[in-house]
Amino acid sequence: MNIASEPVNVPANGSDPLDSGVARFLGLTGTDDGIKLNDIRSKAAGELKRFGDDLGQHLKEIDITVPPAVQLRSAEDGKVAVFGDHFGKEKIETFINADTRLMKWFKEVEVLHEILRRAELRGSGQTTEGQHFNLGLTSLGSIAFFSAD
């Protein structure tokens, strides 16, 4: 498993540094040592918090309260879906999927965490196949996690 100070721009086989487009997306600049896993963690955590706070405010405006927690996940059709049973499921999905800014932001948070997850699994023999990114909104803030099919 990678440690926080290990560069992630050089794969285990030593070829192809982290794509400069990915680095730009992350808002990071590589040093001579490359981009650190901790840099990606910080960026992912910051965006997750900002997105969760923003979405939480919007949900209050449409009379959706947390708790109960809301679990979001990308659906196969590219939209955001509420996973599980929540009293405001349809209202939340309609609201998020109608707001292109929130949709784009959710996808960016998802990509950040997928990059982080792949970097963490690199060299472990495990893959992300069958795992789904989930974003949970709780009364204490937002969380990101991966779940199996």
Side-chain angles (χ1 to χ4, degrees), residues 1-4 6-9 11-12 16-30 35-149:
M1 172 135 339
N2 293 337
I3 57 173
E6 181 182 348
V8 294
N9 66 333
D16 297 334
L18 183 67
D19 181 84
S20 61
V22 173
R24 277 192 312 277
F25 169 74
L26 295 173
L28 304 171
T29 57
I35 295 171
K36 307 287 186 197
L37 186 57
N38 197 43
D39 296 335
I40 298 171
R41 273 196 189 105
S42 294
K43 177 74 172 174
E47 287 302 308
L48 175 66
K49 180 180 182 342
R50 286 185 44 228
F51 178 82
D53 291 347
D54 188 71
L55 181 58
Q57 285 300 103
H58 287 297
L59 293 181
K60 284 180 187 175
E61 293 169 11
I62 61 169
D63 297 323
I64 301 292
T65 58
V66 177
V70 177
Q71 183 178 348
L72 303 174
R73 174 191 274 188
S74 287
E76 289 185 21
D77 62 2
K79 295 182 178 179
V80 176
V82 174
F83 192 74
D85 296 325
H86 191 281
F87 72 90
K89 180 177 182 166
E90 289 180 27
K91 196 173 186 180
I92 296 166
E93 288 176 350
T94 299
F95 179 79
I96 293 173
N97 290 311
D99 187 322
T100 55
R101 182 187 68 87
L102 286 175
M103 285 277 297
K104 181 178 182 279
W105 199 356
F106 176 86
K107 298 296 184 177
E108 288 174 357
V109 171
E110 180 178 36
V111 168
L112 282 168
H113 282 85
E114 287 179 352
I115 291 169
L116 180 60
R117 181 75 171 149
R118 287 183 180 165
E120 289 173 335
L121 292 177
R122 186 185 66 179
S124 72
Q126 297 177 348
T127 68
T128 59
E129 187 159 340
Q131 296 184 14
H132 298 279
F133 171 77
N134 293 266
L135 190 150
L137 296 176
T138 73
S139 58
L140 296 176
S142 50
I143 61 169
F145 60 96
F146 286 84
S147 61
D149 285 330

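Every value quoted in this text rests on a predicted model; they were computed, and no experiment measured them.
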A.B. asks: So does Glu114 pair up with Arg117, basic N to acidic O under 4.0 Å?
C.D. replies: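 No, no charged N to carboxylate O under 4.0 Å.
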A.B. asks: If you apply the rule side-chain contact (heavy atoms from CB on, under 4.5 Å), what do you find for Leu102 with Asn97, and how did you get there?
C.D. replies: CA-CA 8 Å; Leu102 286 175; Asn97 290 311; over 6 Å; no
A.B. asks: To the nearest 0.5 angstrom, please state how far the CG atom of Leu112 sits from the OG atom of Ser42.
C.D. replies: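 If I round to the nearest 0.5 Å, the distance is 11.5 Å.
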A.B. asks: Could you go step by step and tell me if Leu135 and Phe106 meet the side-chain contact (heavy atoms from CB on, under 4.5 Å) rule?
C.D. replies: CA-CA 9 Å; Leu135 190 150; Phe106 176 86; 3.9 Å; yes
A.B. asks: Output, in order, the C-alpha distance, side-chain angles, deciding distance and verdict of side-chain contact (heavy atoms from CB on, under 4.5 Å) for Trp105 and Ile96.
C.D. replies: CA-CA 10 Å; Trp105 199 356; Ile96 293 173; over 6 Å; no
A.B. asks: Please list all pairs passing the side chain to side chain donor-acceptor pair (under 3.5 Å) test where one or both residues lie in residues 66-88, with sequence neighbours left out.
C.D. replies: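 Listed once each, the pairs are Gln71-Asn134, Arg73-Asn134, Arg73-Ser147, Ser74-Lys107, Ser74-Glu110.
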A.B. asks: Is the backbone of Leu48 close enough, under 3.5 Å, to the side chain of Ser142 for a donor and an acceptor to pair up by distance?
C.D. replies: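 Such a contact is found between Ser142 side chain and Leu48 backbone.
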A.B. asks: Which atoms form the tightest heavy-atom contact between Gln131 and Leu121, and what is the distance?
C.D. replies: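 Where Gln131 meets Leu121 most closely, the heavy atoms are NE2-CD1, 4.5 Å.
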A.B. asks: Verify side-chain contact (heavy atoms from CB on, under 4.5 Å) between Arg41 and Leu37, making sure each step is shown before the conclusion.
C.D. replies: CA-CA 6 Å; Arg41 273 196 189 105; Leu37 186 57; 3.6 Å; yes
A.B. asks: May I have all residue pairs that pass ring-ring contact (aromatic ring centres under 6.0 Å, His included) and include part of residues 56-84, sequence neighbours excluded?
C.D. replies: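 Listed by first then second residue: His58-Phe95.
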A.B. asks: So, the side chain of Glu47 versus the backbone of Val109: is there a donor-acceptor pair under 3.5 Å, distance only?
C.D. replies: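 Judged by distance alone, no pair lies under 3.5 Å.
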A.B. asks: How long is the straight-line distance from CD1 of Ile40 back to CZ of Arg118, given to the nearest 0.5 Å?
C.D. replies: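 Spacing of CZ (Arg118) from CD1 (Ile40) equals 12.5 Å.
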A.B. asks: Taking the side chain as every heavy atom from C-beta outward, state whether Phe146 and His113 have any atom pair closer than 4.5 Å.
C.D. replies: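 Result yes, sub-4.5 Å side-chain heavy-atom pair found.
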A.B. asks: Determine the sole option in Ile64, Val80, Leu137 for which the side-chain contact (heavy atoms from CB on, under 4.5 Å) test with Ile92 is passed.
C.D. replies: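 When side-chain contact (heavy atoms from CB on, under 4.5 Å) is applied between Ile92 and each of Ile64, Val80, Leu137, only Ile64 qualifies.
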A.B. asks: Could you give the distance from CD1 (Ile62) to NZ (Lys91), rounded to the nearest 0.5 Å?
C.D. replies: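 One finds 5.5 Å between CD1 of Ile62 and NZ of Lys91.
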A.B. asks: For the residue pair Pro68 and Phe87, what are the closest heavy atoms and their distance?
C.D. replies: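 Here Pro68 and Phe87 meet closest at CD-CE2, 3.6 Å.
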